[in-house]
**Q** 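Starting off with a structure, shown below.
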Amino acid sequence: MCSAVPSCGPLQWIVTPNMVRVRFAPSPTGYLHIGSARTFIFNWLYARHHQGTMILRIDDTDVERNTDASLQSIYDGLRWLELDWDEEYRQSDRLEQHKLAAWAIFEAGHAYRDFTPAANSGEEAASAGSSKGPWLCNPGMRELTLEESERRAAAGEPFVLRFRVPRGAGRTIAFPDGVYGEQSKSADDVEDFALLRSNGMPTYHMASCADDAALRISHIIRGQDHLSNTFKHILIFEALRAELPNFAHLPLLVAPDGAKLSKRKHGPVVSVTTYRDAGFLPHSYVNFLCLLGWSPKDNREQMSRRELLDAFSLAGVNRSNAVVNFSEEDPIDPKALWLNSQHLRAWPVEELAPRVKLVLEAAGLPALEPEEHFRWVVDTIRSRFFTLNDFATKGRAYFADDFPMQSEALAKLDAPQARELLRELAPRIAALPEFTEASAEAALRELATEKGVKAGVLINGSRAALTGQTVGPSAFAVFAALGRERVVKRLSGV
RNA sequence: GUCCCCAUCGUCUAGCCCGGCCUAGGACACCGCCCUUUCACGGCGAUAACGCGGGUUCGAAUCCCGCUGGGGACGCCA
C-alpha cells in the first residue's frame, strides 16, 4: 500500500505509522467553495487512508474580509458532506507565535525592513505587469544597514518586513511534488515577499508556514495555484530551521471556458450549498468531486466511502485541470446528477427514508404511515428519480392529494371511455374484500374483459388518474403505494 | 511581461514513468434498438479523441526538441 506513495518511504512507514498529519486551511471570506471542499476531501482521504490526523485550520488573518457567516458556511458545508477532522486551530489565536517567527527570521539575517510607502509599492506591483519585467524588491531597501534600519524604525517610520531571497548566487530551490514530480526554480526569479505588514500583522505566507511547522504538518496537499508559492514557503521553512513537509498539489477545478472557478464569475455553481439544496446525497457529491482530477485507474466510478478510502493515493491524482461541466441553463454537471441517481438507487432504503422525510417536510408534505409502508413506497419510486428533491416534486402525488396533472396524463384520460371505465373501477376497488396489488389487478382486468377493452387502457388510465403522470411504476404498485382510500377517491373523481 | 504548470472523445478519465498486446478502453451526455400494455432502471449498439511540427526508433498516444493553445503565480489577499 505504501509503495504507491513515493513520499512515504518504507522505513518511515514501519517506524512511525501514525505520523501523517495533513491540514485543510480555508480562509473564512466566502461560502465553502466546491474546489475547497475537494481539497478537504483529498486531504481527508489521505489522512484516513494512512491512519493519520486530519486538521482543520481556519486561516483568519485577514481581519478585514473575515465573516462569521462564512465561517459558519464552512462548518455547515463540511458537516453536510459528512466529513470530520481530528484537531482544529484558529490562526488568529497564534498571532504572537507568527510574529515571533518573523522576527526570528529577521534576527537570523534572512529578512529586512522595507520602508517604501504602501502606495509606491502598489504602483511598482501594478507596473510589474507591463514591459518593465518582474518586480523583485523595492530599490535601496535590501541594502539598508542594520543601524539605519533600527534608527528609522525607532523613529516610528512604518515598514513591512520582507524576506531577503538569496539572489545572484545561482541558488535553485527544488522539491519533489507528490503529484507534479520534481519541481525547481531559480531563487533569482523569486521576489522579496512580505512576512509582516506595516501594521505588524503576519502575512499569509508567514502565518501559514509558521503554523505548518508548529503543527508538524507532514503533507501539504493543496490547490495547484500554490505551486509557485511553494518556493517561497521552502525558503521560510529553511529560515525557521524547520523540517520540510512533503508537498502535493492538486489540479484546479475550472469552468467550461477554462478559467478558475470563481464566485463572482460563476455564481452558485461554486457553492456546495447549491448541491445540498438541489437534493444531492452528500456522499454522492463527495464521490463526484473525487472523480475530478483523481481516478482509481480501474474504471470504477460509483464508489462507497470505504472504497474511496481504500483506493485513494496521490499517484492516482492527475495533473491537468478538470472542467466542471455546467451551463447557463443547467448549473449542475450531468455526471454529478447521474452519479447521484446511482447512489439514490443503491442506498439502503432504511438510510434513504429519513433523508426523503426531511425533503418532504421541507416541502410541507407528510411522510406515509406506517414506516414500513413509507420505505416500500420510497423504494418503488426511487428508480425514476435523480435527486432527493424529486420525491417532493415528481413524487408529489404519492404524498399529497393536490398534485399537477400533466398534459400527457390528461390525454390518456381523454381516450374514448377512459373516464367512465375508471369511475366504474372505483366502487369495485372499494368493494374488494382485501386490497392488494393482486386483487386490484384482478378487479381491473375483470372490468376490462367485461367491457371488451384492452387492459392497457385501464392500466395507463389509472396511473394517469392517480399520479397525474404517464411516468411511474407498475400501475398496481401505484395502487398499493397510495392505499385503497386515495385510489377510490382519485378514480371516482376523474 | 517574467517564472511555474498542463495538453487523449463535447465533459470526466484509462493507457504515458517501464515504446509494440492501442485498428486508443471505460463513464456521462446525445442518438438508435431490446426489455416494459407507461416511463424509468437494465441490456445492446452507433457517433466521438492522442493540438501541430520535427526528431529518436524496425516501431511513438507513450521518449526528446520546438511551436501553438490553455491555466496559475508574480499584493502590506489568502
Side-chain angles (χ1 to χ4, degrees), chain A residues 25-29 59-62 64-65 91 114 116-118 121-122 124-136 158-162 177 180-181 183-186 188-191 193-201 203-205 207-208 223-232 249 251-252 254 256-260 288 291-302 318-326 333-339 341-342 345 381-386 408-409 412 454-464 469-475 478:
Chain A
S27 63
T29 54
D59 279 10
D60 56 351
T61 53
D62 187 356
E64 312 278 297
R65 300 198 301 152
Q91 238 180 14
D114 177 354
T116 310
S121 189
E124 284 295 330
S127 63
S130 71
S131 57
K132 290 173 79 177
W135 177 88
L136 288 176
F159 61 86
V160 323
L161 196 70
R162 284 189 189 282
D177 189 276
Y180 288 90
Q183 301 296 307
S184 72
K185 185 174 190 168
S186 166
D188 294 348
D189 293 322
V190 178
E191 75 279 4
F193 53 94
L195 260 22
L196 294 180
R197 305 180 244 233
S198 55
N199 62 4
M201 298 289 276
T203 61
Y204 158 73
H205 298 301
S208 177
Q224 193 240 47
D225 46 347
H226 285 291
L227 192 54
S228 38
N229 284 151
T230 305
F231 299 102
K232 297 173 195 165
H249 291 86
L252 263 22
V254 298
D257 67 0
K260 187 171 153 179
F288 171 69
L291 262 18
L292 257 22
W294 173 81
S295 155
K297 312 278 188 197
D298 57 9
N299 287 343
R300 277 183 298 169
E301 302 205 286
Q302 183 195 349
N318 63 23
R319 286 175 273 276
S320 47
N321 292 345
V323 175
V324 179
N325 197 11
F326 63 87
D333 190 313
K335 192 146 189 174
L337 207 55
W338 168 79
L339 203 51
S341 76
Q342 298 300 303
R345 264 143 230 177
I381 63 181
R382 64 170 160 176
S383 79
R384 263 148 284 250
F385 295 164
F386 282 75
E408 298 90 332
K412 293 274 186 204
K454 283 192 287 186
V457 175
L458 279 166
I459 291 172
N460 294 328
S462 301
R463 188 185 301 102
Q469 297 172 332
T470 54
V471 191
S474 140
V478 174

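Chain identifiers are assigned alphabetically (A, B, ...) following the order of the sequence lines, protein sequences preceding nucleic acid strands; residue numbering begins at 1 within each chain.
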**Q** Work out how far the C1' atom of B:C4 is from that of B:G45, and round it to whole angstrom.
**A**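 Those two atoms are separated by 46 Å.
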**Q** Once you measure the plane-to-plane angle for A:Tyr204 and A:His226, does it fall in the parallel (<30°), tilted (30-60°) or perpendicular (>60°) bin?
**A** tilted
**Q** Counting side-chain heavy atoms from C-beta on, which of B:C76, B:C74, B:C39 comes nearest to A:Lys232?
**A** B:C74
**Q** What I want to check is whether an N or O donor and acceptor connect the side chain of A:Ser198 with the base of B:C76 at under 3.5 Å.
**A** yes
**Q** So, is A:Lys297 near the phosphate of B:G15, with a side-chain N or O under 4.0 Å from OP1 or OP2?
**A**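 Answer is yes, contact under 4.0 Å.
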**Q** Starting at atom CE of A:Met201, determine the distance to atom P of B:C77, rounded to an integer number of angstrom.
**A**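 Going from A:Met201 (CE) to B:C77 (P), I get 10 Å.
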**Q** Looking at the side chain of A:Arg65, which of B:U37, B:A78, B:A40 is the nearest nucleotide?
**A** B:A78
**Q** Specify the closest pair of heavy atoms between A:Asp177 and A:Gln183, including all atoms of both residues, with the distance to one decimal.
**A**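 Distance-wise, the nearest heavy atoms are CB-CG, 3.9 Å.
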**Q** What distance, rounded to whole Å, do you find between the two C1' atoms, one in B:C34 and one in B:G71?
**A** 45 Å
**Q** Out of B:G25, B:A78, B:A27, which has the shortest distance to the side chain of A:Lys335?
**A**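 Of B:G25, B:A78, B:A27, B:A27 is nearest to the side chain of A:Lys335.
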**Q** Any salt bridge linking A:Arg162 with A:Glu191? Criterion: basic side-chain nitrogen under 4.0 Å from a carboxylate oxygen.
**A**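 A:Glu191 and A:Arg162: not salt-bridged.
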**Q** Given 3.5 Å as the limit, does a donor-acceptor pair link the side chain of A:Asp333 with the main chain of A:Asn325, or not?
**A** yes
**Q** OP1, OP2 of B:C5 versus side-chain N and O of A:Gln183: anything below 4.0 Å?
**A** yes
**Q** Between A:Arg382 and A:Ser341, is there a donor-acceptor pair closer than 3.5 Å when you use the side chain of the first and the backbone of the second?
**A**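 Side chain of A:Arg382 to backbone of A:Ser341: no pair is present.
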**Q** Work out how far the C1' atom of B:C28 is from that of B:G69, and round it to whole angstrom.
**A** 26 Å
**Q** If you compare all heavy atoms of A:Val190 against all heavy atoms of A:Lys232, which two are closest, and at what distance to 0.1 Å?
**A**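 What the structure gives for the nearest pair is CG1-CG, 3.8 Å.
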**Q** What's the gap between B:C17 and B:C22 when it is taken at their P atoms, as a whole Å value?
**A**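 Their P atoms lie roughly 16 Å apart.
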**Q** Nearest to the side chain of A:Asn460, heavy atoms from C-beta on, is which of B:A73, B:U37, B:C28?
**A** B:U37
**Q** For the side chain of A:Arg384, counting heavy atoms from C-beta on, which of B:C3, B:A40, B:G72 is nearest?
**A** B:A40
**Q** Report which part of the nucleic acid A:Glu64 touches: base, sugar-phosphate, or nothing (heavy-atom distance under 4.0 Å, all strands).
**A** nothing
**Q** Please state the C1' separation for the pair B:G51 and B:U8 - nearest whole angstrom.
**A** 10 Å
**Q** Can you work out whether A:Ser295 or A:Asn299 has the more 5'-proximal nearest nucleotide on RNA chain B?
**A** A:Ser295
**Q** So, is A:Asn318 near the phosphate of B:A14, with a side-chain N or O under 4.0 Å from OP1 or OP2?
**A** yes
**Q** If I compare all heavy atoms of A:Leu252 with all of A:Gln224, which pair ends up nearest, and what's the gap?
**A** CD1-N, 3.4 Å
**Q** Please classify the nucleic acid contact of A:Lys412 as base, sugar-phosphate, or nothing, using heavy-atom distances under 4.0 Å.
**A**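 The residue A:Lys412 makes no contact with any strand.
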**Q** Where the side chain of A:Arg345 meets the backbone of A:Ser383, is there a donor-acceptor pair that is under 3.5 Å apart?
**A**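 It does hold such a pair.
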**Q** Hey, which sits more toward the 5' end of RNA chain B by its nearest nucleotide, A:Tyr180 or A:Ala475?
**A**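 Nearer the 5' end of the strand: A:Tyr180.
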**Q** Give none if B:C9 has no partner; otherwise give the nucleotide forming a Watson-Crick or G-U wobble pair with it, both distances under 3.5 Å.
**A**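 By the stated definition (distances under 3.5 Å), nothing pairs with B:C9.
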**Q** If you check every side-chain atom of A:Leu252, which of B:G72, B:A27, B:U38 has the closest atom?
**A**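 Ranking B:G72, B:A27, B:U38 by closest atom to the A:Leu252 side chain puts B:G72 first.
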**Q** Can you tell me the pairing partner of B:A46 across any strand shown, Watson-Crick or G-U wobble, with both distances under 3.5 angstrom?
**A**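 Partner of B:A46: none.
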**Q** So what does A:Glu191 touch, heavy atoms closer than 4.0 Å: a base, only the sugar-phosphate, or nothing?
**A** sugar-phosphate
**Q** Can you tell me how far C1' of B:G71 sits from NE2 of A:His226, to the nearest Å?
**A** 15 Å
**Q** Scan every strand shown for a Watson-Crick or G-U wobble partner of B:C18, both distances under 3.5 Å, and answer none if you come up empty.
**A**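 None - no nucleotide pairs with B:C18, as no candidate has both distances under 3.5 Å.
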**Q** Do A:Arg319 and B:C6 share a donor-acceptor pair, side chain to base, under 3.5 Å?
**A** no
**Q** Ignoring the backbone of A:Ser320, work out which of B:C12, B:A78, B:U8 is nearest its side chain.
**A**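 From the listed options, B:U8 comes nearest.
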**Q** What contact category does A:His249 fall into here, base, sugar-phosphate, or nothing, at under 4.0 angstrom with non-hydrogen atoms?
**A**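 No contact.
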**Q** Have a look at A:Arg463 and say if it touches a base, only the backbone sugar-phosphate, or nothing, with a 4.0 Å heavy-atom cut-off.
**A**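 The answer is base, as A:Arg463 lies within the cut-off (heavy atoms under 4.0 Å) of a base atom.
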**Q** Answer with base, sugar-phosphate or nothing: what part of the nucleic acid does A:Thr61 contact at a heavy-atom distance below 4.0 Å?
**A** sugar-phosphate
**Q** Base, sugar-phosphate, or nothing for A:Arg345, non-hydrogen atoms under 4.0 angstrom?
**A**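 The residue A:Arg345 makes sugar-phosphate contact but no base contact.
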**Q** Partner lookup for B:C74, please. Criteria are Watson-Crick or G-U wobble with both distances under 3.5 angstrom; report none if nothing qualifies.
**A**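 The base-pairing partner of B:C74, which may sit in any strand shown, is B:G1.
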**Q** Classify the nucleic acid contact of A:Pro473 as base, sugar-phosphate or nothing, counting any heavy atom under 4.0 Å across all strands shown.
**A**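 If one applies the 4.0 Å heavy-atom cut-off, A:Pro473 turns out to touch a base.
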**Q** Need one value for A:Val323: base, sugar-phosphate or nothing, where a base atom within 4.0 Å counts as base even if backbone is also close, heavy atoms only.
**A** sugar-phosphate
**Q** Counting the atoms with a prime plus P, OP1 and OP2 as sugar-phosphate, which does A:Asp225 contact under 4.0 Å by heavy atoms, base, sugar-phosphate, or nothing?
**A** sugar-phosphate
**Q** Look at all strands and tell whether A:Gly293 reaches a base, only sugar-phosphate, or nothing, counting heavy atoms closer than 4.0 Å.
**A** sugar-phosphate
**Q** Taking the same atom, P, in B:C63 and in B:C21, what whole-Å distance lies between them?
**A** 15 Å
**Q** For the C1' atoms, the ones on B:C50 and on B:U13, what distance do you get once it is rounded to whole angstrom?
**A**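 Straight-line distance between the two C1' atoms is 14 Å.
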**Q** On a whole-Å scale, what distance lies between the P atoms belonging to B:C74 and B:G10?
**A** 33 Å
**Q** With hydrogens left out and only the distance checked, is there a donor-acceptor pair under 3.5 Å joining A:Lys185's side chain and the base of B:C4?
**A** no
**Q** Strictly below 4.0 Å: does A:Arg197 bring a side-chain N or O up to OP1 or OP2 of B:A78?
**A** yes
**Q** Looking only at non-hydrogen atoms, find the nearest pair between A:Pro251 and A:Asn318 and report the distance.
**A** CG-O, 3.1 Å
**Q** Could you check which of B:U13, B:C76, B:C39 has an atom nearest any side-chain atom of A:Ala322?
**A** B:U13
**Q** For A:Asp298, report the nucleic acid contact type (base, sugar-phosphate, nothing); a contact means any heavy atom under 4.0 Å.
**A** nothing
**Q** So A:Thr470, base contact, sugar-phosphate only, or nothing? Heavy-atom distance under 4.0 Å.
**A** base
**Q** Counting any heavy atom closer than 4.0 Å, what does A:Gly472 reach on the DNA or RNA strands: base, sugar-phosphate only, or nothing?
**A**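 Since a base atom lies under 4.0 Å of A:Gly472, the category is base.
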**Q** So which nucleotide from B:C12, B:C28, B:C76 ends up closest to the side chain of A:Leu292?
**A** B:C12
**Q** Look at the side-chain N and O atoms of A:Lys260 and state whether any lies under 4.0 Å from the OP1 or OP2 oxygen of B:A73.
**A**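 Yes, within the criterion.
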**Q** Which nucleotide, in any strand shown, forms a Watson-Crick or G-U wobble pair with B:C63, with both distances under 3.5 Å?
**A**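 B:C63 is paired, partner B:G55.
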**Q** Taking all heavy atoms of A:His249 and all of A:Gly223, pick out the closest pair and write down the distance.
**A** CD2-O, 3.3 Å
